[in-house]
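In what follows, every chain begins at residue 1, and chains take the letters A, B, ... in the order their sequences are listed.
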There are 2 protein chains.
Amino acid sequence: MSTRERIIDSAMAIVRDQGVTKLTLDEAAKVAGISKGGVLYHFKSKDDLIRGMVQRLIEQCDQLNHEHYQRQPEGVYRWARTLVHACFDPNGPAFDPVGGALLAAVTVNPDLVAPIQAMYDRWMERIKSDSPDLERAGLICTAMDGVYFQRLMGINLSDAEGAERLKRHALDLLK
Amino acid sequence: MSTRERIIDSAMAIVRDQGVTKLTLDEAAKVAGISKGGVLYHFKSKDDLIRGMVQRLIEQCDQLNHEHYQRQPEGVYRWARTLVHACFDPNGPAFDPVGGALLAAVTVNPDLVAPIQAMYDRWMERIKSDSPDLERAGLICTAMDGVYFQRLMGINLSDAEGAERLKRHALDLLK
DNA sequence: TTTCCTATACCGTCCAGCCGGTACAGTAAG
DNA sequence: CTTACTGTACCGGCTGGACGGTATAGGAAA
């Protein structure tokens, strides 16, 4: 794996394990096993590093969505179903909150969220394209955001089995 | 209004207007019109200040919920309906992101979210008490979290009228 | 030799927390 | 009444450390 990728991994791990405020160039370098100079060679500023993290997050989300899309049977609500499955995929970025990048971005510089907004817009287009009842699909997608939000914040509205039931219920509504 | 309350107000305003990273004791003091020493007299540390902000947020949420609960007609899903109305109340803490306190808490010290978790637990108890279909109520509450999340992050899944339709759709499901 | 990558040393700034003070009550003895 | 004392609220300077960013040199591979 390239050094650049290792640095992003490290930054993600820091945000996940220690919190956003502990994400410093020094710490990222230490975790990645190189010096601060090395980090600053690959990312010309801290903002740039966060941009890289957000980029990574988006790529992982897109890839996961495409994987699940392929696996979903054709028919109405295919994209919405995809989103639900992706949201609950234990190996996806929705778990193991790689999405700490989001928090880091919002915290340090709200402008860095722009690419995420673009990702949302893309999703919304897809949802629109194959959802007979847009209100219903929208509600469920928003609920998926809620799930993600709770995980990010470390808040639990329901336990593990509750989450499983939520997922099934959402999918039931998309038949 | 007491100085202590004024300081919390100022801290909230800073998070809202300038971002979490700009929340410093100096700045809070400046906005509140007192000195840093004064701030530290009322809050013995920055964490303590944030605790105060979170506390305030919770009180506002609880109060808003009780107001809306009174206004809701009796019957099933009364608490769930309350939550939806509170979430879309333009004068509630869900708008005018006082909830920056949440972000501040998670950012600076994840432990400070604990009171929020307790608030969620209280809500969940209430929802359980009067919802015939718990899965349905849970899905909708989670969607409300999603709405809040999007507002916090400055992300829009849908526009203003889309939000209004979402609200109506949620309430239709709770009849 | 040139290019790519990494290490070391350093600078300026910012910030949390500390602390010695001030102002101003109230209050109680003399 | 007045003096002496006490507690509350607040001020503002200081310090030690952390952090972002720069400059520059070392070294390996091609």
Side-chain angles (χ1 to χ4, degrees), chain A residues 1-56 100-113, chain B residues 1-56 100-113:
Chain A
M1 194 199 307
S2 73
T3 302
R4 192 190 151 91
E5 292 305 304
R6 266 213 327 280
I7 296 171
I8 293 183
D9 281 348
S10 307
M12 295 288 195
I14 291 166
V15 172
R16 182 183 59 232
D17 301 335
Q18 305 178 245
V20 199
T21 50
K22 295 297 171 59
L23 175 59
T24 66
L25 297 180
D26 276 313
E27 188 64 19
K30 193 177 136 200
V31 174
I34 62 171
S35 74
K36 188 163 82 163
V39 173
L40 279 163
Y41 173 78
H42 291 280
F43 301 94
K44 68 177 194 294
S45 71
K46 191 179 180 182
D47 270 17
D48 203 32
L49 170 58
I50 295 174
R51 252 189 294 274
M53 296 166 73
V54 171
Q55 186 70 32
R56 154 85 66 95
L102 229 192
L103 259 189
V106 165
T107 304
V108 174
N109 182 354
D111 296 343
L112 300 178
V113 196
Chain B
M1 194 200 304
S2 74
T3 302
R4 193 189 149 91
E5 293 304 304
R6 267 214 327 279
I7 295 171
I8 294 184
D9 281 349
S10 307
M12 295 287 196
I14 291 166
V15 173
R16 182 183 58 232
D17 301 336
Q18 305 178 244
V20 200
T21 51
K22 294 297 172 61
L23 175 59
T24 66
L25 296 181
D26 274 313
E27 188 64 19
K30 191 177 138 199
V31 173
I34 62 171
S35 74
K36 186 160 73 166
V39 172
L40 279 164
Y41 174 78
H42 290 280
F43 302 93
K44 68 178 194 296
S45 69
K46 191 180 180 180
D47 270 17
D48 202 33
L49 170 58
I50 294 174
R51 252 189 294 275
M53 295 165 73
V54 171
Q55 185 71 32
R56 156 82 66 94
L102 228 190
L103 259 189
V106 165
T107 304
V108 173
N109 181 354
D111 297 343
L112 299 177
V113 197

Seminar exercise, completed: Under a 4.0 Å heavy-atom criterion, the protein footprint on nucleotides 25-30 of chain D, written with B, S and -, is ------
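Between atom CG of residue A:Asp9 and atom CD1 of residue A:Ile14 there is a gap of 11.0 Å, rounded to the nearest 0.5 Å. In this structure, CZ in A:Arg16 is found 12.5 Å from CG in A:Leu23, a value given to the nearest 0.5 Å. How far NZ of A:Lys22 is from OG1 of A:Thr24: 9.5 Å, rounded to the nearest 0.5 Å.
Following rounding to the nearest Å, B:Phe43 (CZ) and C:dA16 (P) show an atom-to-atom distance of 14 Å. One atom, CD1 of B:Ile34, and another, C1' of D:dA9, lie 9 Å apart when rounded to the nearest Å. If you measure from atom CD1 of B:Ile14 to atom P of C:dC14, you get 16 Å, rounded to the nearest angstrom.
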Produce the list of close N/O pairs, under 3.5 Å, pairing protein atoms with atoms of nucleotides 18-21 of chain D; give distances to one decimal.
unit_1 : atom_1 : unit_2  : atom_2 : d
D:dG20 : OP1    : A:Lys46 : NZ     : 2.8
D:dG20 : OP2    : A:Leu25 : N      : 3.0
D:dG20 : N7     : A:Lys36 : NZ     : 3.0
D:dG21 : OP2    : A:Lys46 : N      : 3.0
D:dG21 : N7     : A:Lys36 : NZ     : 3.1
D:dG21 : O6     : A:Lys36 : NZ     : 2.6

Pull out every protein N or O sitting under 3.5 Å from an N or O of nucleotides 3-5 of chain C, one pair per line with the distance.
unit_1 : atom_1 : unit_2  : atom_2 : d
C:dC5  : OP2    : A:Tyr41 : OH     : 3.0

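For A:Asn109, the side-chain contact (heavy atoms from CB on, under 4.5 Å) partners at least two apart in sequence or on another chain are A:Asp47, A:Asp111, A:Leu112. Legend: residues meeting side-chain contact (heavy atoms from CB on, under 4.5 Å) with A:Phe43, ordered by chain and number and at least two apart, are A:Arg4, A:Ile7, A:Ile8, A:Asp48, A:Leu49. Annotation: side-chain hydrogen bond (donor to acceptor under 3.5 Å, both in side chains) contacts of A:Gln18 (sequence neighbours excluded): none. Under the salt bridge (charged side-chain N to carboxylate O under 4.0 Å, His left out) criterion, B:Lys46 pairs with no residue at all, not counting sequence neighbours. The salt bridge (charged side-chain N to carboxylate O under 4.0 Å, His left out) check on B:Glu27 picks up nothing, with sequence neighbours excluded.
When all heavy atoms of B:Val54 and B:Ala105 are compared, the pair lying nearest together is CG2-CB, 3.9 Å. Across all non-hydrogen atoms, the minimal contact from B:Ser10 to B:Val31 is CB-CG1, 3.5 Å.
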N/O donor to acceptor pairs below 3.5 angstrom from side-chain atoms of residues 34-42 of chain A, sequence neighbours left out:
unit_1  : atom_1 : unit_2  : atom_2 : d
A:Ser35 : OG     : A:Gly37 : N      : 3.4
A:Ser35 : OG     : A:Gly38 : N      : 3.4

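With axes fitted over five pairs at each extremity, the angle between the ends of the helix from C:dT1-D:dA30 to C:dG30-D:dC1 is 10° (10° resolution).
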